[in-house]
There are 2 protein chains.
Amino acid sequence: MSAKPPTSLDVARDAGVSQATVSYVLNNREGARISDETRARVQEAADRLGYVPHAGARTLRTGHSGLVLVPLADIPYGPLAVGLMEELDRELSRLGYSMIQYGARRLKGVAAARAWAELRPVAVLAPAERLTRQAVNVLHSAGIRAVIGIGAVGWSSEIVSTVTMDHEEIGATAAEHLLARGSRTLTAIIPTEDGLRDMGLLRAVGVQRVAAAHGVPYTQVDLAFSETATAARLDAWRAAGISGEGRTKHGVFAYNDDYAMLLMAVLADNGFAVPGNVAVVGCDDLPLAKLLRPRLTTVRLNVTDAPALLAQTLDEVVKEGVTRQPRLALWTHALVERDST
Amino acid sequence: MSAKPPTSLDVARDAGVSQATVSYVLNNREGARISDETRARVQEAADRLGYVPHAGARTLRTGHSGLVLVPLADIPYGPLAVGLMEELDRELSRLGYSMIQYGARRLKGVAAARAWAELRPVAVLAPAERLTRQAVNVLHSAGIRAVIGIGAVGWSSEIVSTVTMDHEEIGATAAEHLLARGSRTLTAIIPTEDGLRDMGLLRAVGVQRVAAAHGVPYTQVDLAFSETATAARLDAWRAAGISGEGRTKHGVFAYNDDYAMLLMAVLADNGFAVPGNVAVVGCDDLPLAKLLRPRLTTVRLNVTDAPALLAQTLDEVVKEGVTRQPRLALWTHALVERDST
DNA sequence: TTGTATGCGTTATCAA
DNA sequence: TTGATAACGCATACAA
């Protein structure tokens, strides 16, 4: 049934021309002019045989693959990340690249980098924490022109270009809003899940900074994503003076909308009034957050211009070489005020 | 800075051996025995030069890439799909394949298939609706051994092996439960979003079947994911006799947890009692569904054994050829009863 | 135990 | 306007 795939030589034989001519026609080479008649005959033969060029062979010959590799292992999947990837894919293909996502979660560190390098992508776009100096060396010595990290401000920025999300400012934005709406204490929730914890700590720094600037009491609490863990925390809060009966309003930045929803559910179960006793701010602006009652105030990450800028920067680094390592601060954010504060 | 990547020939020169020896050492060839001393010298040279084999060249030479291509465009991303992909990746790499996800959303139909075929993957695992007969022909004639669809029962099953999710049974399970809990009418919600609508219709068929079998009134309603659209629907329901005051209990299968949450929020705003007047069943068992009050009854899609089975089947098809096209019904589901029914 | 030689499918240089 | 031919990096049959 399925014999070996047709090669350009098969097409050439079928069309009665040389193999080089096939290559010229199919790649629209400017250099050599081909008669319209030959051109048509080649096209027709290629279509009929179902000819598809062999990417590996082309890469071998030309020395570049046009592949942009994105090893997405522990990036938190959500509407945000998915939307970003879709847009990025679009932008990259507009510039002539093909974006592929590569798993191989098995492999760590340099071994992972080697696996990526085997495909000889022209660029790698990876979570910043995976881009150790060793790993980046492997990638560069395999001829990969652009290595770009996605991460938080300050991570591995001397090694590679990094697309940064300014987590600290996210926390600060939430905190400022909580104070403006009357909160007299500030609490930052830090998720205990791997991959979230680091970002949680950075966001908490922003909250703490604002608290200090305003001379307001600050607490931070580690929290696992479960109702029982949250309920237990509530008891501790009660002991610390935060309660459903007091007159002071307590502000909580819940790290993201998921944690905010968890918190609000448990608060409601325990007789706390939101936003009366406790004001809650989430992050991500999930579609579901609007469905909560009270509606959830949240920090929306603005992703609109990020993909285009990122793709463009990648293209520049690829073409001009890695002369300098610009830090890209592509993510902006904005507070979306609703009813929970 | 970054010269051309080192080749196996560079390693050979550095180690003072022939290029073939390098290949033998690095691939642990049984055929030819290499002295431990040479072996060590080659390894050391490879490490020092940062040698990484060229996947394209290897593919060209051996005739197979070990790549499993998964073009995930419009698959609904959620914890379910992500978990499935992660597990699948693990299983496939255990079997010696590398899974890569390929975007290229730009391209449609045969053009997309051609883009996939360029990479000469050994297998393609794609949404069933993208696997038209033409597209599959392109893939097969490019030498791709296994083409497997992911979709609903009955889709393109004569063309390729298909991993099916039995949407109709999901709807039926939800409906049976609603009746058992006392609902006297049944309604199926069908999302209007692209990519979800088809599955919604299939699930609705299951609801309708159960309704007919029990002689219970059945309605189905198209619904966009917005509060205003849902509120408008509620007015229509009131006109149809479903209200927050009646004595009869109305059962709604809301397609998934997102729609269920939307519905429950709007129901609460409009004075409907859940589950008193309206009982709601979702699907997916999202972590957030437990946080709703009342807690959401849902149909959980059981994904545990799917990835291993899928990987294994793929491996068999690759090795034995496409003699037959087994239909795989890998997804099971189970109702998780909570408070909303 | 190791080296030599060949070909995989493609593009590009040069000659016709 | 088109055709021979070489080279890309690697794996392997065969020779030494």
Can you see if the side chain of [X] gets near the phosphate of [N] - specifically, an N or O under 4.0 Å from OP1 or OP2?
X: T59(B); N: dC8(C); answer: no
X: S8(B); N: dC10(D); answer: yes
X: T38(B); N: dT2(C); answer: yes
X: R58(A); N: dT11(C); answer: yes
X: T7(B); N: dG9(D); answer: no

Residues R41(A), E37(A): salt bridge by 4.0 Å N-O rule: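 A salt bridge links R41(A) with E37(A).
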Minimum-distance pair of heavy atoms, taken over all atoms of R145(A) and V317(A): O-CG1, 4.1 Å
Taking every non-hydrogen atom, the tightest pair across V110(B) and A135(B):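 Reported closest heavy-atom pair: CG2-N, 4.5 Å.
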Presence of donor-acceptor pair under 3.5 Å, side chain of Q19(A) and base of dA4(D): no
Base dT11(C) paired with R61(A) side chain (donor-acceptor, <3.5 Å):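 Check passes, donor-acceptor contact within cut-off.
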Selected nucleotide, minimal atom distance to Y24(A) side chain, candidates dG9(D), dC14(C), dC10(D):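 Of all the options, the side chain of Y24(A) is nearest to dC14(C).
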Nucleotide of dT2(C), dT11(C), dG9(D) approaching S35(B) most closely (side-chain heavy atoms): dT2(C)
Reported CG-to-CD distance for the pair L92(A) and E87(A), which is rounded to 0.5 angstrom: 10.5 Å
Atom-to-atom span, [atom1] of [X] to [atom2] of [N] - whole angstrom:
X: E37(B); N: dT1(C); atom1: CD; atom2: C1'; answer: 12 Å
X: R39(A); N: dT2(D); atom1: CZ; atom2: P; answer: 9 Å
X: L9(A); N: dT5(D); atom1: CG; atom2: C1'; answer: 13 Å
X: L26(A); N: dG9(C); atom1: CG; atom2: P; answer: 16 Å
X: Y51(B); N: dG9(D); atom1: OH; atom2: P; answer: 10 Å
X: L49(B); N: dG9(D); atom1: CG; atom2: P; answer: 14 Å
X: E118(A); N: dG9(D); atom1: CD; atom2: P; answer: 15 Å
X: H54(B); N: dT10(C); atom1: NE2; atom2: P; answer: 15 Å

Closest-nucleotide ordering on DNA chain D, the 5'-leading residue of T21(B) and L60(B):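 So the residue in question is L60(B).
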Touch class at under 4.0 angstrom, heavy-atom based, for V17(A) against every strand present: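 Touches sugar-phosphate only.
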Neighbour count >12 (heavy atoms, 6.0 Å) for atom CD, Q134(B): no
